[in-house]
Amino acid sequence: MAKSHALFLLLLLLLVDACRPSHQQDQNKISSNDLAALAAVKDSLTDIPGSNFFSTWDFTSPDPCSAFSGITCSLNRVTILTLGTGVSSSRGLAGFLSPSVSNLTELTQLVLYPGLVTGPIPPQLGLLSNLRVLSLTNNRLKGPIPSSLSSLPNLHTLDLSYNQLTGTVPPGLFTGLTRLKVMILASNQLSGELPRIVSAEILHLDLKDNSLTGTLPLRLPSTIRYLSASKNMMWGPLNGLQSLSELGFLDLSMNQFSGPIPSSLLRPPLSSLFLQRNNLSGGVPTSLPSSSLMYGEGSIVDLSHNLLTGELSPVLAAVETLFLNNNRLTGRVPEEYVKNMYGGSTKTLYLQHNYITGFPLEAGLGLPDTVSLCLTYNCMVPSVGFKGCPAASDGEQLSRPESQCVVFNHGRSIP
């Protein structure tokens, strides 16, 4: 009896000891290496006045994993580090990104919210072999994109947009990251050319608003659904795009691309197409790849401010928002465009600043209030005047001078 009583007391003492709060036990909820790395991160960054992100980072806390804002732990290791609150009223963080972040070796996500963080991207981030998401957007990061990022075998999302990064894009980002699906490098100061082949199976590639030069890659992944390289200095033909059957958004506007528009780009699944302000020439393709496909609600095509010539085909008649202005289009507009405006599927049609000679509006029948139609400065007198034109058209001539129209319309004058 005495033996069982003693055993009971021993078990009770062990249970009480296990439940007793212990500073040493609680500190074991995060590894000492990770705690040191977090301390270095805090030393390199500071809250901008109005932000209080680091107010919870008390290193005397018994449980940093629960107490520190922006961190998530698993098995005593930091797996997610989110720096900043992301709240619109918060001004974010300032300082620089410490290379010690790379000591958080179990990190799967590193996110830096918008702020005033400057300095280079630490090349040591390439050591984070478990990293799946790297987002350092909307700060003032400078210098090149480290080529070491091409060594991240599990990287799924890379977003370095809206910084002040310079230099070329490391080729390994396009070829060495087999799991990469999203790459956003927009609004930096990146230069140089893109590689000839992009082998990573990317779904979303955004390179807009940089200083990239050269031609489009000869081969892009068939998986890509979103591609933007607008506001660069790229040139050459629109090659490498014909086989992109999954593409739903394409923006190559404000470059120096030339040559004809591939007919494969004028297909309804590609419902957002922006090719404006280039040097594209030739005519608008005359047929869709499949006659059973139709543009639908929300579709937008902008081919304005190019060098397109010839008569307009009906191929774009069902596009909801269509910009063909500031080209060299001639002849009469097909009736399909008018029918779709009256039917409600086309809501915006800009044809101003061409050499068009006729638009078959039904006499005495006004356009729906939801439609914006601009026909000014063509080789005809538009019956709709300036009503549907952008504000910048105010003060323009209603029609082109007849001397210009005779040249482009084979001697035919303004009707």
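Since the structure is predicted, the reported quantities are computational estimates derived from the model, not experimental observations.
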Heavy-atom nearest pair, Asn210 first then Leu207, reads ND2-O, 3.1 Å

To the nearest 0.5 Å, atom OG1 of Thr348 lies from atom CG of Leu322 at 9.5 Å

Within the supplied structure, the quantity of interest is the number of heavy atoms (other residues, nucleotides, ligands) at a distance under 6.0 Å from Gln189 CD; does it exceed 12? yes

Rounded to the nearest 0.5 angstrom, the OG1-CZ distance for Thr85 and Arg91 is 12.5 Å

Heavy-atom closest pair (Leu329 atom, Asn354 atom, distance to 0.1 Å) is N-OD1, 3.0 Å

So CD1 of Ile300 and OG of Ser271: to nearest 0.5 Å the spacing works out to 10.0 Å

Quick note, ring pair (Phe, Tyr, Trp, His ring centres under 6.0 Å) partners involving residues 175-210, not counting sequence neighbours, are His204-Tyr226

Applied to residues 304-328, the ring pair (Phe, Tyr, Trp, His ring centres under 6.0 Å) test, sequence neighbours excluded, yields Phe323-Tyr350

| task | Measure the acute angle between the ring planes of Phe53 and Trp57, then classify it against the limits of 30° and 60° as parallel, tilted or perpendicular. | result | tilted

Please assess Val284 against Leu308 for the test side chain to side chain contact (heavy atoms under 4.5 Å, CB included), listing each intermediate value before the final yes or no.
CA-CA 7 Å; Val284 176; Leu308 301 178; 4.3 Å; yes

Ring pair (Phe, Tyr, Trp, His ring centres under 6.0 Å) filter on His353, not counting sequence neighbours, yields Tyr377

Closest heavy-atom pair, Ser61 versus Phe68, reported as atoms and distance to 0.1 Å, is CB-CE1, 4.5 Å

Across all chains, not counting sequence neighbours, the side-chain hydrogen bond (donor to acceptor under 3.5 Å, both in side chains) partners of Thr215 are Arg196

Quick note, ring pair (Phe, Tyr, Trp, His ring centres under 6.0 Å) partners involving residues 123-146, not counting sequence neighbours, are none

When rounded to the nearest 0.5 Å, the distance separating CG of Asn138 from OG of Ser161 is 6.5 Å

OG of Ser74 to CD1 of Ile80, rounded to nearest 0.5 Å, is 9.5 Å

Verify side chain to side chain contact (heavy atoms under 4.5 Å, CB included) between Val333 and Leu351, making sure each step is shown before the conclusion.
CA-CA 10 Å; Val333 174; Leu351 291 168; 3.8 Å; yes

With sequence neighbours left out, the residues meeting ring pair (Phe, Tyr, Trp, His ring centres under 6.0 Å) with Phe359 are none

Under 3.5 Å, side-chain donor or acceptor atoms of residues 103-129 against the rest of the protein: list the pairs with distances, not counting sequence neighbours.
residue	atom	partner	partner atom	Å
Thr105	OG1	Arg77	NH2	2.9
Thr108	OG1	Thr79	O	3.0
Thr118	OG1	Arg140	O	3.2

*Sub-3.5 Å donor-acceptor pair from the side chain of Thr56 to the main-chain atoms of Ser69, do we have one?*
yes

Hits for side-chain hydrogen bond (donor to acceptor under 3.5 Å, both in side chains) against Asn52, two or more places apart or cross-chain, chain-then-number order -> none

Requested in this report: Show the numbers, then the answer: is there a side chain to side chain contact (heavy atoms under 4.5 Å, CB included) between Leu250 and Leu241?
Outcome: CA-CA 10 Å; Leu250 177 63; Leu241 304 172; 4.2 Å; yes

Applied to residues 261-280, the ring pair (Phe, Tyr, Trp, His ring centres under 6.0 Å) test, sequence neighbours excluded, yields Phe249-Phe274

Output a table of donor-acceptor pairs, distance under 3.5 Å, between side-chain atoms of residues 165-186 and any protein atom two or more places apart or on a different chain; print 'none' if there are none.
residue	atom	partner	partner atom	Å
Thr175	OG1	Pro171	O	3.3
Arg179	NH1	Asn154	OD1	2.7
Lys181	NZ	Glu201	O	3.4

When rounded to the nearest 0.5 Å, the distance separating CD1 of Ile197 from OG of Ser199 is 8.0 Å

ask   = When you look at Leu275 and Leu238, which way does the side chain to side chain contact (heavy atoms under 4.5 Å, CB included) test go after all the steps?
value = CA-CA 10 Å; Leu275 300 177; Leu238 299 181; 4.2 Å; yes

Residues at least two apart in sequence or cross-chain that pass salt bridge (Lys or Arg N to Asp or Glu O under 4.0 Å) with Asp206, listed by chain then number, are Lys208

Residues Cys379 and Arg400: closest non-hydrogen pair is SG-CD, 4.2 Å

Between Cys374 and Gly388 the two heavy atoms that sit nearest each other are CB-O, 4.0 Å

Correct closest heavy-atom pair for Leu303 and Asn306 would be O-ND2, 3.1 Å

Would a 4.5 Å heavy-atom cut-off, applied to side chains only, mark Gln352 and Leu375 as touching? no

Residue set satisfying side-chain hydrogen bond (donor to acceptor under 3.5 Å, both in side chains) with Thr46, at least two apart, ordered chain then number -> none

